[in-house]
Protein chains: 2
Amino acid sequence: MPPPTETPAPAPLGRRAQQKRDKKRRIREAAWQLFTTQGYDATTTSSVAKRARVATGTLFLYAKDKPDLLFLVFRDRLRSAVDAQFASMPCDAPLLEQLLHLFRGLFEMYAEHPAVAAEFVRALPGADGPNAMAVNSYSMVFLQRIAGLVQAAQARGEVAADISPFQAASNIFSLYFGALLVWLSGFGDLASALDPGLRGALELQMCGLRRRDCGEGWSPTRPPSS
Amino acid sequence: MPPPTETPAPAPLGRRAQQKRDKKRRIREAAWQLFTTQGYDATTTSSVAKRARVATGTLFLYAKDKPDLLFLVFRDRLRSAVDAQFASMPCDAPLLEQLLHLFRGLFEMYAEHPAVAAEFVRALPGADGPNAMAVNSYSMVFLQRIAGLVQAAQARGEVAADISPFQAASNIFSLYFGALLVWLSGFGDLASALDPGLRGALELQMCGLRRRDCGEGWSPTRPPSS
DNA sequence: AGTAAAAACTGACTATAGTCAGTTTCTACC
DNA sequence: GGTAGAAACTGACTATAGTCAGTTTTTACT
């Protein structure tokens, strides 16, 4: 006797799956709460388990190890920050401005809790837990979306046609990651990490090092003021 | 009554300083031996202390923590690899080839023990022990030497004059570090990490993304083959 | 030589990340 | 609605990184 009109089938989720979802959420929230208030190092895995109302062993069913908890808590934040920035992307702005728009959103997200963010970014390379995997595969999507921006800029004639968008996206990502590491390692504030920092790097990637033999030549966005 | 001709004053080192030097050497060698044979994770700090014939507490007078042991063991290797590559630098080669010469030397050094190298590189950002400090300040020197290569290329007219050598060096370093992380995270072999990998990134940094409005225009080292 | 202060060293100890054999809870099928 | 097997959960336990109060060694000065 299935009620055909009721229960609009929002979730074909069994009890088990629901409980798993709920535990995962509780663990994520407990970890975030404790990491942001006490710091990553000062937070013990036992205290996270306690606050999430699970046993210590259960915690490690949802995260491979303590660093993997960082990926659990940052995954959604990362996703929504990226989505928001692409949703508000100025479609006809120059590529450089589009990239800065994107990365500014991420920097601002990290800036909410720089110390925890630093641990997260530091743990990223080489992490191997299930949550780390999820974040890393999301990074691939991210890279593809950057490549998409480059391709669009090529279509606009802003970027040379013979360039591989994926190679360009890789370079851009390396520069972003480098700027992020420097910033989160405690040097300077958000604004200057973005503006003289990342912008300078991206400008140099845009125009290249090589001397232009031809004609009058383009000059960088900020002409020498001296 | 100082004997003026004897004791050719090779070391104004007191007994204490000598013993410290010796202990440091013993710890460095023990750590290297164990890390390379058993792996970083499988090596306990106690086993390093035992092999170095010091107490566990003493170990932590010479390294802040376990990761700091990595910096202790890699510091010299890094220095000699960099020095060797600069000593054998082809002075009149194009900047791109000079950079690849430099980075090839480092990649080869890391390739001797990739697993330990991966731990080292992963631990680099944000490390805070005394040995990490030494490595980080050496990184600054490294950056300056890259900036020197850029400047020389500017003097040869290969690189545009209005470019900041330090900004260029920062970008180059970010691309190097990115390629290193990708390689050491287990994807691909040494040769391809260098040649399609790092070379592609540096070529794109050399020529830039932006379309060249003028004249016939230069085409990348590897013209589209299709 | 003698001695006081400083520096270096020691190893028993603590705190905590992560494991695993045993238990409970859920699902699918009869 | 009963039950066999799978999946999830538990918390006492283990291994090890890192600490620190107490000890030994070295130095500098008389």
Side-chain angles (χ1 to χ4, degrees), chain A residues 1-2 11-28 30-31 34-35 38-73 119-120 122-123 126-132, chain B residues 1-2 11-28 30-31 34-35 38-73 119 122-123 127-132:
Chain A
M1 188 185 87
L13 243 52
R15 196 143 152 196
R16 204 153 222 170
Q18 265 181 311
Q19 281 181 335
K20 272 189 84 165
R21 271 175 67 92
D22 191 54
K23 280 212 174 73
K24 197 170 180 178
R25 186 187 52 73
R26 261 152 48 206
I27 290 171
R28 189 171 54 233
L34 292 171
F35 287 167
Q38 308 184 171
Y40 175 76
D41 283 329
T43 301
T44 65
T45 54
S46 307
S47 69
V48 174
K50 200 170 201 176
R51 182 175 249 270
R53 301 190 313 272
V54 297
T56 62
T58 306
L59 200 68
F60 294 101
L61 297 173
Y62 290 85
K64 191 209 168 203
D65 48 22
K66 198 180 172 188
D68 208 42
L69 283 175
L70 286 169
F71 300 110
L72 182 63
V73 301
E119 294 292 338
F120 167 69
R122 232 166 122 338
D128 52 356
N131 299 302
Chain B
M1 187 184 89
L13 244 51
R15 196 146 155 196
R16 205 152 222 172
Q18 265 181 311
Q19 280 181 334
K20 273 190 82 165
R21 271 176 68 92
D22 191 53
K23 280 211 174 75
K24 195 169 181 178
R25 186 187 51 74
R26 262 154 47 208
I27 290 170
R28 188 170 55 234
L34 293 171
F35 287 166
Q38 308 185 171
Y40 175 76
D41 283 329
T43 301
T44 64
T45 54
S46 307
S47 70
V48 174
K50 199 169 200 175
R51 182 175 249 269
R53 302 189 314 272
V54 296
T56 62
T58 305
L59 200 67
F60 295 100
L61 297 173
Y62 290 84
K64 191 208 169 202
D65 47 23
K66 199 181 173 188
D68 208 42
L69 283 174
L70 286 168
F71 300 109
L72 182 63
V73 301
E119 294 292 339
R122 233 168 119 335
D128 53 354
N131 299 301

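Since this is a predicted model, take the numbers as computed values, not measurements. Note on naming: letters A, B, ... go to the chains in the order of the sequence lines (proteins, then strands), and numbering restarts at 1 for each one.
Annotation: cation-pi geometry satisfied between Lys66(B) and Tyr40(B) (NZ/CZ under 6.0 angstrom from ring centroid, within 45° of ring axis).
In plain terms, the two heavy atoms of Asp68(A) and Ala132(A) that are nearest each other are OD1-N, 3.0 Å. What you find for Lys64(B) and Pro130(B) is that their closest heavy atoms are CB-CD, 3.8 Å. Minimum interatomic distance between Arg26(B) and Arg53(B) (heavy atoms only, all atoms of both residues): NH2-O, 3.2 Å. Nearest approach of Thr45(A) to Leu59(A), heavy atoms of both residues: O-CD2, 3.4 Å. Here the closest heavy-atom approach between residue Ala63(B) and residue Leu69(B) is recorded as CB-CD2, 3.8 Å.
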Between N or O atoms, less than 3.5 Å apart, protein on one side and nucleotides 27-30 of chain C on the other: list the pairs.
{"from": "dT27(C)", "atom 1": "OP1", "to": "Arg15(A)", "atom 2": "N", "distance (Å)": "2.8"}
{"from": "dT27(C)", "atom 1": "OP1", "to": "Arg16(A)", "atom 2": "N", "distance (Å)": "2.8"}

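Taking atom CZ of residue Arg53(B) and atom P of nucleotide dC9(C), one finds them 13 Å apart after rounding to whole Å. Rounded to whole Å, the distance from CG on Asp22(A) to P on dC26(C) is 13 Å. Here the P atom of nucleotide dC9(C) and the NZ atom of Lys20(B) are 7 Å apart, to the nearest Å. If you measure from atom NZ of Lys23(A) to atom P of dT25(C), you get 10 Å, rounded to the nearest angstrom.
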Q) If the sugar-phosphate is the primed atoms plus P, OP1 and OP2 and the base is the rest, what is the B/S/- string for nucleotides 11-21 of chain D, using protein heavy atoms under 4.0 Å? A) BB---SSBBB-
Q: Mind running side-chain contact (heavy atoms from CB on, under 4.5 Å) on Asn131(B) and Val73(B) for me, showing each step along the way?
A: CA-CA 9 Å; Asn131(B) 299 301; Val73(B) 301; over 6 Å; no
(Q) Please determine whether side-chain contact (heavy atoms from CB on, under 4.5 Å) holds for the pair Tyr62(A) and Val54(A), giving the CA-CA distance in whole Å, both sets of side-chain angles, and the decisive distance to 0.1 Å. (A) CA-CA 11 Å; Tyr62(A) 290 85; Val54(A) 297; over 6 Å; no
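Put simply, Tyr62(A) has a side-chain N or O that comes within less than 4.0 Å of OP1 or OP2 on dC9(D). Taking side-chain N and O atoms only, Gln19(A) has no distance below 4.0 Å to OP1 or OP2 of dT25(C).
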